[in-house]
Number of protein chains: 2
Amino acid sequence: MDDGATRERILDAARQVLADRGTAGARTQEIADTAGVNKALIHYYFRTKEALAEAVFQRELAALLQPVLRTLGSPLPLEEKVRTVVGLYLDKLSAFPQLPGYVLAEIHFHPERLDDFFAAAVGSLPEVAMAPVFEALRRQIDQASASGEIRPISPPQFMVNLISLCVFSFAARPLLTRVTGGETGFDALISERRDTLADFFLMGLRT
Amino acid sequence: MDDGATRERILDAARQVLADRGTAGARTQEIADTAGVNKALIHYYFRTKEALAEAVFQRELAALLQPVLRTLGSPLPLEEKVRTVVGLYLDKLSAFPQLPGYVLAEIHFHPERLDDFFAAAVGSLPEVAMAPVFEALRRQIDQASASGEIRPISPPQFMVNLISLCVFSFAARPLLTRVTGGETGFDALISERRDTLADFFLMGLRT
DNA sequence: GTCTATATTTCGATAGAC
DNA sequence: GTCTATCGAAATATAGAC
């Protein structure tokens, strides 16, 4: 058929199937069917299922981390960073709610892929890659806490708290769906979070 | 060998292997080796790998939820509930840090198991099971917000925020381990959270 | 209850035609 | 580049002796 387009179709199909079943649970046959191509073609483009799964994982993890790291490392005021990150996450994840469950599962079951990820997508050790973001936050936090606006908090704790509050509810979606009485209940929960999360977080920093 | 003890040995071994590899990735051979028994015995006690995986999952999810639900539904003051839950989680998860990654993955890839879980372990619909906990929180939150201590917040948001802050960092442990420069860095992160999380959360509720 | 040996199925991967 | 057909390797599950 094409010129890179088939490869993309396979990647998209793989993303869908892998997000629902994980690397170990996914069947190349199902990926092929979803992509509308033959099984053999998958091995033509990606040598093994594992290689395909790794390619998809790198892509999705990058899509999940990059906007947030960019925002937190930017020159925006601290409060705006928080509001931006909350908005970014809730929008992105509402559009693809399986993403956290899938990415966390892959991180958990295939942690070695993280090493390739940082080497390839970032080009350095993870600690080094994070350094500028931590630096930017450190400066703003020091300043805001010196003036008594907030309590001191380490940049990693700041990030972990913020990301936890945004991402966890999606990772636990199947559970929350049931506890809140169905998909509608879950959507309502998320929509409420959209309005309250940033304030909750920012208040949590206060002195 | 025994009278229930072998069954327990298999369950323990399965827990270990399943937590590391998930249902789809786990091999009955590895579970048998870990338990020190033969593969066939696993099928003698649990008919299929799936049935074994489900038994383990029910167990671990219950262990994860019950203490927290009991605490939040108890007559303790709100602030003490929060401090107790933070302590419970960080202790339990420090002792078995793979637990959140495993449980969330199983919830994600096998959501139908949740229906059996609520039917069996709780004996009712999830919404019904949660009702008394939500009720207890609702009363305390109403009271505290009427007296101006805190802002109003719905019990589900309260719970999701609290659990997110406790659990997420463990689910993302392989990533955080790398970002914080190794296991030592991760342990330090968690130990810092032990001292700061409850205050952060309680401050977040403030008006 | 526990084992050894084996049947059976599923699935990733390859060969080879077009 | 894409397909059909097939191989070969796991891996689950069972039969049957002890």
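Convention: sequence-line order gives letters A, B, ...; per-chain numbering from 1.
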Sequence neighbours left out, cut at 3.5 Å: what donor-acceptor pairs do the side chains of residues 75-82 of chain A make with other protein atoms?
| residue | atom | partner | partner atom | Å |
| --- | --- | --- | --- | --- |
| A/E79 | OE2 | A/R83 | NE | 3.2 |
| A/E79 | OE2 | A/R83 | NH2 | 3.1 |
| A/K81 | NZ | A/L72 | O | 2.5 |
| A/K81 | NZ | A/S74 | O | 3.0 |
| A/K81 | NZ | A/Q140 | OE1 | 2.7 |

*asked:* Could you work out, with ring-ring contact (aromatic ring centres under 6.0 Å, His included) as the rule, every residue matching A/F170, not counting sequence neighbours?
replied: A/F186
*Contacts of A/F158 that satisfy ring-ring contact (aromatic ring centres under 6.0 Å, His included) - sequence neighbours left out*: A/F201
Report yes if at least one side-chain N or O of [X] is closer than 4.0 Å to OP1 or OP2 of [N]; otherwise report no.
| X | N | answer |
| --- | --- | --- |
| A/Y45 | D/dT2 | yes |
| B/R27 | D/dT12 | yes |
| A/T6 | D/dG1 | no |

*Rounded to whole angstroms, how far apart are CG on B/L41 and P on C/dA5?*
16 Å
*asked:* Measure CZ/A/F46 against P/D/dG1 and give the value in whole Å, please.
replied: 12 Å
*asked:* For DNA chain D, which residues of residues 18-26 of chain A approach it to below 4.0 angstrom with any heavy atom?
replied: none
*DNA chain D: 5'-proximal contact among B/Q29 and A/Y44 (nearest heavy atom)*: A/Y44
*side-chain contact (heavy atoms from CB on, under 4.5 Å) assessment of B/R59 paired with B/L11*: CA-CA 10 Å; B/R59 225 197 201 193; B/L11 274 170; 3.8 Å; yes
*Sorted by first residue and then second, give each ring pair (Phe, Tyr, Trp, His ring centres under 6.0 Å) pair with at least one member in residues 71-107 of chain A; sequence neighbours left out.*
none
*For A/Y45, is the NZ or CZ atom of A/R7 found under 6.0 angstrom from the centre of its six-membered ring and inside 45 degrees of the ring axis?*
no
At a cut-off of 3.5 Å, list every protein nitrogen or oxygen paired with a nitrogen or oxygen from nucleotides 13-15 of chain C, distance to 0.1 Å.
| residue | atom | partner | partner atom | Å |
| --- | --- | --- | --- | --- |
| C/dA13 | OP2 | A/H43 | NE2 | 3.0 |
| C/dA13 | OP2 | A/K49 | N | 2.8 |
| C/dA13 | N6 | A/K39 | NZ | 3.1 |

_A/V86/A/F200 under side-chain contact (heavy atoms from CB on, under 4.5 Å): CA gap, chis, key distance, verdict_ = CA-CA 11 Å; A/V86 170; A/F200 175 82; over 6 Å; no
_Is it the case that over 12 heavy atoms from other parts of the model lie below 6.0 angstrom from the CZ atom of A/R194?_
yes
